[in-house]
*Asks:* 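Below are the structure tokens for one structure; questions will follow.
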Amino acid sequence: MNLFFENDVFIVTLTFVAFFTAKKIQEKTRIILLNPILVAIIMIISFLFLFKIDFEVYHKGSKLIAFFLKPAIVALGVPLYQQIDKIKIQAVPILVSQLVGCLVGVVSVVLIAKWMGAPRDIILSLAPKSVTTPIAMEVSKTIGGIPPLTASVVILVGIFGSIFGYGIMKFTRIKSSLAQGISMGTAAHVVGTSKSMEISQNFGAMSSIGLIVNGVLTALLAPYILELLNYLGLF
Amino acid sequence: MKQVVIVLVCLLIGELIVYVTGVKLPSSIIGMLLLTLFLQLGWVKSSTVSGISNFLTQNMAFFFVPPGVAIMLYLEVIQASFWPILTASLVSTILVLAITGWTHQLFMDNKHVLPKKNKNSQH
């Protein structure tokens, strides 16, 4: 029976069923904490524990699903194109807010982790945590972090952002919808963007901008920001 | 079928650009920018790809379930520095959300409101 559970088709089906169920739970309860990604992850982990299936086995089988993240990111080009006129008129706010967001994202996480006594390789793994998994892992590798740890933290940040992001922005009085959309993408990458996409395609498009611009800026600037912090003796 | 080909070709050109130039950006991000460019140039009509685009972008969260489960593979490293990792990432995320939003609002003269309804939603 366990061998059957290790079948790729079973693993893919398990993941679909878990996410479908998690989405239904979210629709029925409307409880914001019951985020579909989070609930699906917990259901699958419990299942793997219960039937003593190795996480490596699940990881291998589920690569079939993880692959589709790439075409999904490509597909974000459509809402981006539909919003292109709105983007053009706010080129300056976008550029400035993204530069600031990139800087805050890297500097704050490094300083807090350093202050709390985390080891150097862990701190470096956290530095690119705001940007989407493929970019974050690339940056992590470049600066000497642990890429798989970076990937885990990226997911954690994304789920946190998608659950609490719009609440936090209400609390911090960010009233402009454009600013809300873009901040979600800047802080919580693709997971935040998927949350925005559920509100509307316009919010989703703004988040895609934050996701892309901060992703590119972080890839380009993170090594230099860390060097600067090092030079200043802060890290 | 045509729309699947368009999306995959954009991704493939992205992969090719990464392979040839060695640029440190994910192929998917390059593919997204290419698709936007092709739409802008009129080489691809947005109505042609809207079906697959809606499906993929509205269910994007799903593709994060497997990497989320993979956290269990790094449990030991995470446990060893649990509080620094958790506090630093979450506080930093709050700061990024707030400060990015404030900056954008500051540089944007008038407050825009976006419609909260999808025009071609599947829900």
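These numbers were taken from a predicted model, which means no experiment stands behind them. Numbered from 1 within each chain, the chains take letters A, B, ... in sequence-line order.
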*Asks:* Please evaluate residues B:H104 and A:Q180 with respect to the criterion side chain to side chain donor-acceptor pair (under 3.5 Å), reporting the C-alpha separation (whole Å), side-chain torsions for both, the decisive distance (0.1 Å), and the verdict.
*Replies:* CA-CA 9 Å; B:H104 188 275; A:Q180 288 174 357; over 6 Å; no
*Asks:* Under 4.5 Å from any heavy atom of chain A, what part of B:L33 do you find: side chain, backbone, both or neither?
*Replies:*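 B:L33 touches chain A through side-chain heavy atoms alone.
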*Asks:* Between A:F16 and B:F62, is the ring centroid distance below 6.0 Å?
*Replies:*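 Centroid separation for A:F16 and B:F62: below 6.0 Å.
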*Asks:* Based on non-hydrogen pairs under 4.5 Å, which of B:G31, B:A61, B:S27, B:C10 is most in contact with chain A?
*Replies:*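 Answer, by heavy-atom pair count under 4.5 Å with chain A: B:A61.
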*Asks:* Mind checking whether B:V91 and A:S108 have side chains closer than 4.5 Å, heavy atoms only?
*Replies:*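 No, side chains not in contact.
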*Asks:* Of the backbone (N, CA, C, O) and the side chain (C-beta and beyond), which part of B:S89 lies under 4.5 Å from a heavy atom of chain A, both, or neither?
*Replies:*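 For B:S89, heavy atoms of backbone and side chain both lie under 4.5 Å from chain A.
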*Asks:* Show the numbers, then the answer: is there a side chain to side chain contact (heavy atoms under 4.5 Å, CB included) between B:T100 and A:V100?
*Replies:* CA-CA 7 Å; B:T100 308; A:V100 172; 6.0 Å; no
*Asks:* For chain A, which residues of residues 70-78 of chain B have at least one non-hydrogen atom nearer than 4.5 Å to it?
*Replies:*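 Residues in range: B:A70, B:I71, B:M72, B:L73, B:Y74, B:V77, B:I78.
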*Asks:* Would you please name every residue forming a side-chain contact (heavy atoms from CB on, under 4.5 Å) with A:V216, sequence neighbours left out?
*Replies:*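 Scan of A:V216 (side-chain contact (heavy atoms from CB on, under 4.5 Å), adjacent residues dropped) gives A:I212, A:L220, B:L25.
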*Asks:* Between the side chains of A:S97 and B:T103, is a donor N or O closer than 3.5 angstrom to an acceptor N or O?
*Replies:*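 The criterion, which ignores hydrogens and geometry beyond distance, is not satisfied for B:T103 and A:S97.
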*Asks:* Residues in salt bridge (charged side-chain N to carboxylate O under 4.0 Å, His left out) with A:K70, at least two apart?
*Replies:*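 Once residues adjacent in sequence are excluded, the partners of A:K70 under the salt bridge (charged side-chain N to carboxylate O under 4.0 Å, His left out) criterion are B:E15.
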*Asks:* Compare all side-chain heavy atoms of B:L86 with those of A:L156 and state whether any distance is below 4.5 angstrom.
*Replies:*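 Side-chain contact under 4.5 Å: yes.
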*Asks:* So which residue, B:I99, B:I94, B:I6, B:L97, ends up with the most heavy-atom pairs under 4.5 Å with chain A?
*Replies:*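 Greatest number of close heavy-atom pairs with chain A: B:L97.
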*Asks:* Can you tell me which residue pairs pass the salt bridge (charged side-chain N to carboxylate O under 4.0 Å, His left out) test with a partner in residues 65-74 of chain B, sequence neighbours excluded?
*Replies:*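 Not a single pair qualifies under salt bridge (charged side-chain N to carboxylate O under 4.0 Å, His left out).
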